[in-house]
There are 2 protein chains.
Amino acid sequence: MTGPGPTPEQERAWVERVAGFFARQNGLPPIPGRALGRLMICDPPEQSAAELAAAIGASRASLTTALQVLLAGGFVEPGHRPGERTTYYRLADDPWTEVTRRRMAALTSFLAVTGEGLDLLGADSARATRIRRAHELFGWLDSEVGPMWQRWDARREHRDG
Amino acid sequence: MTGPGPTPEQERAWVERVAGFFARQNGLPPIPGRALGRLMICDPPEQSAAELAAAIGASRASLTTALQVLLAGGFVEPGHRPGERTTYYRLADDPWTEVTRRRMAALTSFLAVTGEGLDLLGADSARATRIRRAHELFGWLDSEVGPMWQRWDARREHRDG
DNA sequence: CAACAGTTTCAGTAACGACTGTAACTTATG
DNA sequence: CATAAGTTACAGTCGTTACTGAAACTGTTG
């Protein structure tokens with residue numbers, strides 16, 4: 001007995017939550033977000049563009065765009081079956097680490113802006129105090145995230161490798 | 001001799017870079033972003049809404065909205081001078097720590113979504129493997145950011161207090 | 001090489017969000 | 001209580017973006 005499993009309604013609601021999260025967090029449009037959410041729970045894990053379109057209620061044309069976005073972002077991977085022309089898309093093995101890494105890098109990229117600001121105003125001038133505050137935080141943050149991801153990689157290697 | 005200082009053109013360009021960053025990163029509209037950038041380098045540090053409007057080339061009405069956004073986000077603080085009715089806005093002492101803290105919290109908030117997904121599919125089911133991958137990363141990340149900010153607070157206290 | 005399944009491109013549309021200008025409101029001053 | 005500086009609320013406009021439907025394209029099968 002494997003239990004009843006989620007209802008289609010529950011699945012839809014969860015997919016919508018995923019889409020909402022990536023819309024807010026990564027600026028992903030609704031349909032790519034829904035396709036991503038769907039690919040996280042669909043059974044089987046591989047789905048054609050047409051199947052995904054039907055599942056989330058969008059046009060096939062929209063799925064093309066959505067899948068391009070997801071492919072470019074490294075979220076999904078294309079796959080083929082012998083004797084079939086259809087491309088079956090599946091969630092990448094672990095898109096999350098890379099995506100999150102990128103987001104944090106983007107966060108600390110403010111360091112370049114503050115650095116240029118300090119150059120402009122003179123790093124030691126009183127007027128640059130406000131910028132320096134920001135510069136210190138983002139510089140420190142930048143020095144923290146490197147080791148942090150090293151710890152993650154070590155942990156992953158320990159579990160998988 | 002304190003040097004020539006930046007040209008208005010250079011200031012404008014830098015302000016635009018700040019605005020661009022916060023538009024991409026925090027979803028801030030252009031004008032709030034520009035106002036924020038301006039408040040980072042303006043001299044004197046306190047500015048009225050009218051002054052800011054002139055400096056970044058926006059209407060006063062827009063500045064009202066922009067300043068509300070910045071006040072709500074904790075970026076700026078209002079100030080008054082005796083005998084004057086004008087409100088002078090200045091950059092908060094250190095908005096960056098709090099803002100960045102919020103952003104990282106938002107990042108790890110995906111944990112709630114993956115958690116619900118695991119409940120829905122059954123945490124140990126084969127179908128939940130994809131969700132579990134995400135859940136592990138964000139759970140770990142969540143456990144990392146707490147201590148990380150503690151280190152920052154300690155560092156700050158050591159320097160300031 | 002013809003037929004066809006599937007994918008992609010593109011033009012058009014609808015909805016959304018930001019910004020402006022004006023008008024109403026608030027509050028300190030004489 | 002009248003005045004004036006400044007702030008706020010609002011209606012309208014402009015630009016952008018996501019999405020759809022139809023047509024063009026690609027590549028495999030018989």
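Values below: every heavy atom of this structure, side chains too, minus hydrogens, waters and symmetry copies. Here is the naming used below: chain letters follow the sequence lines, and residue numbers restart at 1 for every chain. Since this is a predicted model, take the numbers as computed values, not measurements.
- Of the candidates C:dC19, D:dC19, C:dT20, the closest approach to any side-chain atom of B:Arg34 belongs to C:dC19.
- For the pair A:Arg60 CZ and D:dT20 C1', the interatomic distance rounds to 14 Å; values are reported in whole Å.
- If you check every strand for non-hydrogen atoms under 4.0 Å, A:Ser48 touches nothing.
- Formation of a donor-acceptor pair under 3.5 Å by the B:Arg38 side chain with backbone atoms of B:Gln47 is not found in this model.
- Look at B:Arg155 and A:Glu144 and you find no salt bridge, because none of the NZ, NE, NH1 or NH2 atoms lies under 4.0 Å from a carboxylate O.
- A sub-4.0 Å separation between OP1 or OP2 of C:dG21 and a side-chain N or O of B:Ser59 is absent.
- A heavy-atom distance below 4.5 Å is found between the side chains of A:Arg156 and A:Trp152.
- Comparing atom distances between the A:Ser62 side chain and each of D:dT20, C:dC19, C:dT7 picks out D:dT20 as nearest.
- Here B:Gln68 does not reach the OP1 or OP2 of D:dT7: none of its side-chain N or O atoms lies under 4.0 Å away.
- Residue contacts for B:Thr65: at a heavy-atom cut-off of 4.0 Å it reaches no nucleic acid atom on any strand shown.
- Listed pair B:Thr64 / D:dT7 fails the phosphate criterion, with no side-chain N or O lying under 4.0 Å from OP1 or OP2.
- Atoms OG1 and CG, on B:Thr100 and A:Leu141 in that order, are 6.5 Å from each other to the nearest 0.5 Å.
- Between the CD1 atom of B:Ile56 and the C1' atom of C:dA18 there is a distance of 13 Å, rounded to whole Å.
- To the nearest 0.5 Å, atoms OG1 (B:Thr114) and CG (B:Asp119) are separated by 10.0 Å.
- Closest contact between the side chain of A:Pro29 and the listed nucleotides C:dT20, C:dC19, D:dC19 involves D:dC19.
- Of all nucleotides listed (D:dA18, C:dT8, D:dT7), C:dT8 comes nearest to the side chain of A:Tyr89.
- Between the CG atom of B:Leu67 and the P atom of D:dG6 there is a distance of 15 Å, rounded to whole Å.
- Rounded to an integer number of Å, the gap from B:Leu70 CG to C:dA18 P is 13 Å.
- Among C:dT9, D:dA9, D:dA18, the nucleotide with an atom closest to any side-chain atom of A:Ala61 is C:dT9.
- Residue-level contact check: A:Ala50 touches neither bases nor backbone, having no heavy atom under 4.0 Å from any strand.
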